Protein chains: 2
Amino acid sequence: MSRPKLQDVAARAGVSVTTVSRVLNDRGYLSADIRRRVAEAVAELGYRPNEIARSLIGQKSRLVGLIVPTVADPFFGELASRIEGELASKGYKMLLCDCLENAEREAEYLEMLQANRVDGIITSTHNRNVEGYDRADAPIVAVDRRLGSDIPIIRSDNRTGGRLATGHLIARGSRSAVFITATDHPGNDRAAAYRETMRDHGLDPRVLAYGYSTPMRQRRALIETWLMDNDADGVFASDDLTALMVLEWARKTGRRVPDTLRIVGYDGSRAALLAMPGLTTVRQPIDALGARAAQALIRRIETPDDDRESRLAAEAPLPVELHQGWTS
Amino acid sequence: MSRPKLQDVAARAGVSVTTVSRVLNDRGYLSADIRRRVAEAVAELGYRPNEIARSLIGQKSRLVGLIVPTVADPFFGELASRIEGELASKGYKMLLCDCLENAEREAEYLEMLQANRVDGIITSTHNRNVEGYDRADAPIVAVDRRLGSDIPIIRSDNRTGGRLATGHLIARGSRSAVFITATDHPGNDRAAAYRETMRDHGLDPRVLAYGYSTPMRQRRALIETWLMDNDADGVFASDDLTALMVLEWARKTGRRVPDTLRIVGYDGSRAALLAMPGLTTVRQPIDALGARAAQALIRRIETPDDDRESRLAAEAPLPVELHQGWTS
């Protein structure tokens, strides 16, 4: 059977199309009997109101775009899951845009989302110089990313996270801990906190940055070569997968963890801690990050005149905590 | 500035609205000069054709829904990433529906997707008795899930995977390997292959099923208690996170891996093998599964009259392979 139309519902209920429409939109006076007859016809025919048509009339698509590096990464997977859950609970749908660390692809997604009249966009990638955010007409919220003074940033406290991890390694006895990260730039608060904390203790900071676009195999080779060539008694990795990679290298090369090498990761995704609860790591509040990002975007969509102060107040970084495992 | 309209483009180009529409839809005769003027006006004003309105006219939304247990799981995260990438390359957008192992939520998503006139749905959850698939009017493709004789299943070769893992454990010397899985039901080909292979070698199969809805902490407690109470010299886990959980238990309790306990996982997601390349596991071809699922759905959408034989031929299970690590 073809998809039932409004006309079919009207015929089945024995009322006019206008009456069906009034029932569905709860407009004007309608007797209980008519409401019941229309409801029954809708149920019997399996009629579904056309949400797309409604969004055209209402000028709201209740559609949000999420741009992430990739949900294949457990941190972004969990973040996307949480954002989608929060949006769904408020009646919003989410288009997933998995841009695979590619700036060009990200710019295309940005165009596509606006052509599809999304109500808003949440973005959480690391690409630099992506064109289009400055002239986007949909409200945007960024997760842990600075895009422009008008775009709220939802993030956790990277500076405290960096201090916690580095301070912990030093307290456990490390004197030559290295910080491993994707990119080392002035906006990297974890790197800044690592450097500060090392210097506060009279120790020399060393940062190994492998670059976001480095393929996984090469990344591993790069990190292993560095660890072979440079003596380090501690590793603070900016994400848990890298920390686990170092742990596996230690096993392979006979380094004793934590006696001769202490390892601390970052993120604390459910998947990482499920697989490896013994990993010491800085836990980000991924649930709270996702919920707050969705809520901030919905606020921008539904109350665009909301004053900027209150929006920025929502941006205070969320707290992180050290999860102590046996690797440190 | 408010969003530019078709009228604004027409005014800027000095042509009629009808002419702009003809240029945008490439219909009828148009001089090179007029094409150029309209193109320039579109670029200058940043005009974006309304894709939603277009989909209403064309009756195609180019929108697909993906229903998964959760992208917070590295296997489903990687699968979703691959499906979205393939869909995007063919001009389709993807709504992510993360149903958190909840059958009621899945049924709601199914309704929502159809109310939003998606062109098709890809589903890959483990929920039983979800209502609505039988009366869905959008084409559906299932990943590793049997829903009905009309719904194609894209999957990899679970039977061979189960045989490879079990045969490998036995070849390495295990005599009392246990199979750990979420649910042990007649459709679980990995469980069936494990039982067959054990019996072929005159060994007693033992299956530990923890249940999909068991929270993570409880799952860990359940598995650890079982391993404490039952002597097993091998573990074949139906997913890598569980295998890694067992590995961590072995470390904690002083079991030597692989000497006294051999461990084999399943899935081989990029994240799992990046973090733990030493894990022996059965690798599913996640890239091929995702690409094939997207392609099969697009074929159902674009050539609905395509004969059923060729659709079913596309369903031959994809090959799996054993990745040999140090855990076995």
Side-chain angles (χ1 to χ4, degrees), chain A residues 1-3 46 48-53 55-56 61 63 66 70-74 76-82 84-85 88 93-98 100 105 108-109 111-112 114-117 135 137 216 219-220 240-241 243-245 247-248 251-252 269-272 274-278 326, chain B residues 1-3 46 48-53 55-56 61 63 66 70-74 76-82 84-85 88 93-98 100 105 108-109 111-112 114-117 135 137 216 219-220 240-241 243-245 247-248 251-252 269-272 274-278 326:
Chain A
M1 197 186 82
S2 71
R3 220 189 275 262
R48 297 189 181 92
N50 186 335
E51 295 276 344
I52 294 181
S55 81
L56 267 182
S61 60
L63 193 59
L66 174 68
T70 175
V71 290
D73 178 291
F76 289 105
E78 189 171 329
L79 184 69
S81 166
R82 190 64 189 90
E84 197 274 330
K93 305 165 291 285
M94 190 185 89
L95 286 172
L96 176 66
C97 303
D98 200 293
L100 304 169
R105 215 174 139 88
E108 284 169 18
Y109 274 126
E111 274 300 305
M112 179 280 279
Q114 295 180 86
N116 283 280
R117 298 282 193 268
R135 52 189 155 78
D137 38 25
M216 290 302 177
R219 196 179 293 194
R220 179 187 300 280
D240 289 335
L241 292 188
L244 291 172
M245 198 194 283
L247 182 65
E248 177 67 1
R251 200 208 54 83
K252 215 166 55 184
S269 72
R270 242 172 300 207
L274 177 70
M276 180 52 187
W326 59 261
Chain B
M1 197 184 83
S2 72
R3 221 189 274 264
R48 298 189 181 93
N50 187 335
E51 295 276 343
I52 294 181
S55 82
L56 267 183
S61 61
L63 192 61
L66 174 68
T70 175
V71 290
D73 177 291
F76 288 105
E78 189 171 330
L79 184 69
S81 165
R82 190 64 189 90
E84 197 273 332
K93 304 165 291 285
M94 190 185 89
L95 285 172
L96 177 67
C97 303
D98 201 292
L100 305 170
R105 214 173 138 90
E108 284 169 17
Y109 274 126
E111 275 300 305
M112 179 280 278
Q114 296 181 84
N116 282 280
R117 296 283 193 267
R135 53 190 154 79
D137 39 23
M216 290 303 177
R219 196 181 291 196
R220 179 187 300 281
D240 289 335
L241 291 189
L244 292 173
M245 197 195 283
L247 182 65
E248 177 67 1
R251 199 207 56 83
K252 214 166 53 182
S269 71
R270 243 172 299 209
L274 176 71
M276 181 52 188
W326 60 262

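Below, chain A is the first sequence line, B the second, and so on; all start at residue 1. Owing to the predicted nature of the structure, the values given are computational and were not obtained by experimental measurement.
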Q.
Between Lys93(B) (side chain only) and Cys97(A) (backbone N and O only), is there a donor and an acceptor less than 3.5 Å apart?
A. no
Q | Asp240(B) vs Met276(B), side chain to side chain contact (heavy atoms under 4.5 Å, CB included): CA-CA, chis, key distance, verdict | A | CA-CA 10 Å; Asp240(B) 289 335; Met276(B) 181 52 188; over 6 Å; no
Q) Looking at Leu241(A), Leu66(A), Leu274(A), which has the largest count of heavy-atom pairs under 4.5 Å with chain B? A) Leu274(A)
Q. Top residue by heavy-atom pair count (under 4.5 Å) with chain B, among Gly85(A), Ala275(A), Gly278(A), Ala80(A)?
A. Ala275(A)
**Q.** Best-contacting candidate, Ala72(B), Ser269(B), Ala243(B), against chain A by heavy atom pairs under 4.5 angstrom
**A.** Ala72(B)
Q: Please flag which part of Arg220(B) lies under 4.5 Å from any non-hydrogen atom of chain A: side chain, backbone, both or neither.
A: side chain
**Q.** Interface moiety of Ala88(A) toward chain B, non-hydrogen atoms closer than 4.5 Å
**A.** side chain
(Q) Donor-acceptor check, side chain of Glu248(A) to backbone of Pro277(B), threshold 3.5 angstrom: yes or no? (A) no
Q.
Given heavy-atom pairs under 4.5 angstrom as the criterion, report whether the side chain, backbone, both or neither of Arg251(A) touches chain B.
A. side chain
**Q.** chain B contact via Arg105(A) - which portion, at a heavy-atom distance below 4.5 Å
**A.** side chain
Q: Go through Leu79(A), Val71(A), Thr70(A) and name the one with the most non-hydrogen pairs under 4.5 angstrom from chain B.
A: Val71(A)
Q: Against chain A, label Tyr109(B) side chain, backbone, both or neither, depending on which of its atoms sit under 4.5 Å from a heavy atom there.
A: side chain
